[in-house]
Amino acid sequence: MKPGMRQPVAWVLGALLFLGTASTPAAGAAAAPLPSFGPALTGVNDAGCRPRADRPPVILVHGTFMDSTSSWGVLAPLLQQDGFCVFALDYGDRGTRAVDASADELAAFTRQVLDATAAPRVSFVGHSQGGLLARWTVKSRGFHHRTQDIVGLAPSHHGTTLPLASLVATLGCAACADQQAGSAFLTRANAAPEAPSEHDHTVVTTTYDEVVTPPDSQALRGPTVGNVVLQDQCTTDLADHLGILYDPVALAWVRAALLRGGPADPLARADCTGRTLPAERPGAPGGADDPGAAAGGDPAAQPVRLVLRSTRLRVSRSGRTVPVRVRCDGPADARCVSLIRLRRGRAVLATLRAQVPARYSATLTLVLTRTGRAVGRRARGAAVPVSLRATTQGGDPRADERALTLRR
C-alpha cells in the first residue's frame, strides 16, 4: 500500500469505532469508559512532577478517533528523558465532539496542570485535530500568557478537503464537520491573528498526508511560526498522517521546538535517521540556549549580529507601537535576519522578525500586543521596566539583550 493510502481506511475504521463506542447510555446509567487502544503511558500525568524552569510542562493532545495511549507511546518517554513533566488527556469521545466543546475539557485540564505543577507556562503538542484544538483553546480560553509553545503534528489548522470527512460527519462526528475546509468553526478559529505572537508555533507536516489535505494547508502564518515539511530535507521519509506520530525524524523536530527559545527553525540541519535533534544554524533564535542543539561554532568566524541601540523606549502617540533603533554588524554582503522580543517579566509585549543589511542602522517598529498596549498606558505616569532581546539567524550565536524602561 502506497504511503498515505492507509489514511482514508483509517478514517473509515475510526468511524466504525466511533459508532461502536459512542452510543448513548440508558437513562440514569453512567457512561462506560472507552477502552484504550494502546498500553498505559508510564510516568505521564504525575501531579507530583516539578518542572525545571527551562522546561514547561508539556500537554499532549490526540487527534480525532484516537486516544492518548495510541498516540503518545513513543513521544512521551522521549520528552521525559529530556526532563519535561508530561501530561496527556483523553477528550471528547475520542475527539469526535465539536471542537469548541472539547476546548472546555482541554482548558480545565490545562488549569489542573498549571495548579499542580505551579508552572508559569505550559506547552502543547497536538496531532491532527489536537494541534487545532490546542491553538483554539489557548486563543479562546485566555491562555495566551500561560503558554510557551504549541507544536502541531499534521495539524488540521485550516481543515481538510478530504471528501470522506463530510461522510463521517453525517455519522455523528461533530469534530469532523468542524474540520471540513471552510467550516464556520474554522472561520472563527483562523480569524486574525491565527498564530498570536505571545507564544511560539511549530507545525510539522508530511507531504504524504492524505487525511488533512492539502498538506500545505496545515501551515500557519505569523512572526513566531516555524513550518517544517519533513521531505524538504529528508526526501525518503515516508511518514503519513498516522505514521508521523511514530516517525523518529518528526519527533526530533517536536523535541527541538520544545527545547529551543523559539519555534522550530525549518532551515536547521535535520538528521534523517532521527537519532539526533535538528542541528541549529549558528545564531538561530534560541540556539545558544538550546541544550539539545549542536554547537554553534566559533563566533569570530560568524560575526553577523543585530545590535540593539536604543537606550530607552517610548510608546508612540497612538499607543500601539514602539520604535527600536538597531544596527546590523557583519560583512558588507551579509544581512541580519533576526527575532526581536519585548517583554515585561514573562509577558510578551511585542514580537518582530526583521531583516537588516549589514553595516546598516535602522529604526524598526514593534507592534504592541493587547498586553503591551495596557502596559504602555501604565507607562504614561512612570517608566515601566522591560527587557528587549534580539537573536540573529546564521550569525553570532550571542543574543543582544537589554534591560530598559518604557515610557509614554
Side-chain angles (χ1 to χ4, degrees), residues 3 41 43-44 52 54-63 70-86 88 123-128 130-131 134 148-155 200-209 215 218-220 224-297 393 397:
L41 300 175
V44 172
R52 288 170 42 175
D54 61 342
R55 301 282 196 280
V58 178
I59 298 176
L60 306 177
V61 191
H62 65 76
S70 60
S71 299
W72 307 119
V74 177
L75 179 60
L78 293 174
L79 295 180
Q80 290 168 339
Q81 292 172 20
D82 289 332
F84 289 100
C85 296
V86 180
S123 292
F124 298 88
V125 178
H127 171 242
S128 193
Q148 186 78 21
D149 286 276
I150 300 176
V151 182
L153 281 165
D200 297 318
H201 301 261
T202 296
V203 176
V204 183
T205 301
T206 172
T207 58
Y208 291 111
D209 195 322
Q218 300 169 21
L220 291 173
T224 57
V225 172
N227 293 307
V228 175
V229 180
L230 294 178
Q231 290 76 21
D232 279 353
Q233 295 189 56
C234 302
T235 57
T236 60
D237 192 313
L238 301 180
D240 55 15
H241 187 75
L242 288 180
I244 200 170
L245 283 166
Y246 321 109
D247 181 67
V249 181
L251 300 186
W253 279 110
V254 172
R255 295 168 61 207
L258 296 173
L259 287 165
R260 73 193 302 269
D265 178 2
L267 298 181
R269 297 182 298 276
D271 175 356
C272 293
T273 69
R275 285 192 289 267
T276 62
L277 300 189
E280 300 288 354
R281 291 179 292 164
D289 301 325
D290 179 8
Q393 295 182 2

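- Considering only residues two or more places apart in sequence or on other chains, Val44 meets the side chain to side chain contact (heavy atoms under 4.5 Å, CB included) condition with Leu41, Ala76, Gln80, Val86, Ala88.
- Although no hydrogens or angles enter the test, the distance criterion places a donor-acceptor pair under 3.5 Å between the side chain of Asp237 and the main chain of Ala239.
- Taking Asp82 as the reference, Arg255 meet the salt bridge (charged side-chain N to carboxylate O under 4.0 Å, His left out) condition, with sequence neighbours excluded.
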For a side-chain contact (heavy atoms from CB on, under 4.5 Å) check, start with the C-alpha distance between Leu258 and Val151, then their side-chain angles and the critical distance, and finish with the verdict. CA-CA 8 Å; Leu258 296 173; Val151 182; 4.0 Å; yes
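- Contact detail for Pro215 and Asp209: the closest heavy-atom pair is CG-O, 3.5 Å.
- In this structure, His201 NE2 and Leu220 CG are separated by 7.0 Å, a value rounded to the nearest 0.5 Å.
- Proximity of a side-chain donor or acceptor of Gln231 to a complementary backbone N or O of Thr207 within less than 3.5 Å is detected.
- Here the closest heavy-atom approach between residue Ala268 and residue Gln233 is recorded as O-NE2, 2.6 Å.
- Here the shortest heavy-atom pairing between Trp72 and Val61 reads CZ2-O, 3.3 Å.
- Sorted by first and then second residue, the salt bridge (charged side-chain N to carboxylate O under 4.0 Å, His left out) pairs with a member in residues 241-253 form an empty list; sequence neighbours excluded.
- Proximity of Pro155 to Val203: side-chain heavy atoms (C-beta onward) are separated by under 4.5 Å at one or more points.
- Residues Gln218 and Val204 form no side-chain contact, since every pair of their non-hydrogen atoms from C-beta on lies 4.5 Å or further apart.
- Taken from OH in Tyr246 to CG in Leu251, the straight-line distance is 10.0 Å, to the nearest 0.5 Å.
- At distances below 3.5 Å, at least one donor-acceptor pair connects side-chain atoms of Thr202 with backbone N or O atoms of Ala264.
- One finds the CZ atom of Arg55 at 11.0 Å from the OG atom of Ser123 (value rounded to the nearest 0.5 Å).
- Atom CG of Asp200 is separated from atom CG of Asp149 by 5.0 Å, given to the nearest 0.5 angstrom.
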Assess whether side-chain contact (heavy atoms from CB on, under 4.5 Å) is satisfied between Leu259 and Phe84, documenting all intermediate values. CA-CA 10 Å; Leu259 287 165; Phe84 289 100; 3.9 Å; yes
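- Looking only at side-chain heavy atoms (C-beta outward), Ser71 and Leu245 come within less than 4.5 Å of each other.
- To the nearest 0.5 Å, atom CD1 of residue Ile244 and atom CH2 of residue Trp253 are 12.0 Å apart.
- When every heavy atom of Leu153 is checked against every heavy atom of Ala250, the shortest pair comes out as CD2-CB, 4.1 Å.
- Judged by distance alone, the side chain of Asp265 and the main-chain N or O of Gly226 form no donor-acceptor pair under 3.5 Å.
- The backbone N or O of Thr276 sits less than 3.5 Å from a side-chain atom of Asp271, completing a donor-acceptor pair.
- Remark: the Ser128 side chain and the His241 side chain contain an N/O donor-acceptor pair separated by less than 3.5 Å.
- Smallest separation of non-hydrogen atoms from Ala252 and Leu277: O-CD2, 3.7 Å.
- With respect to Val125, the side-chain contact (heavy atoms from CB on, under 4.5 Å) criterion is satisfied by exactly one of Ile59, Ile150, Val254: Val254.
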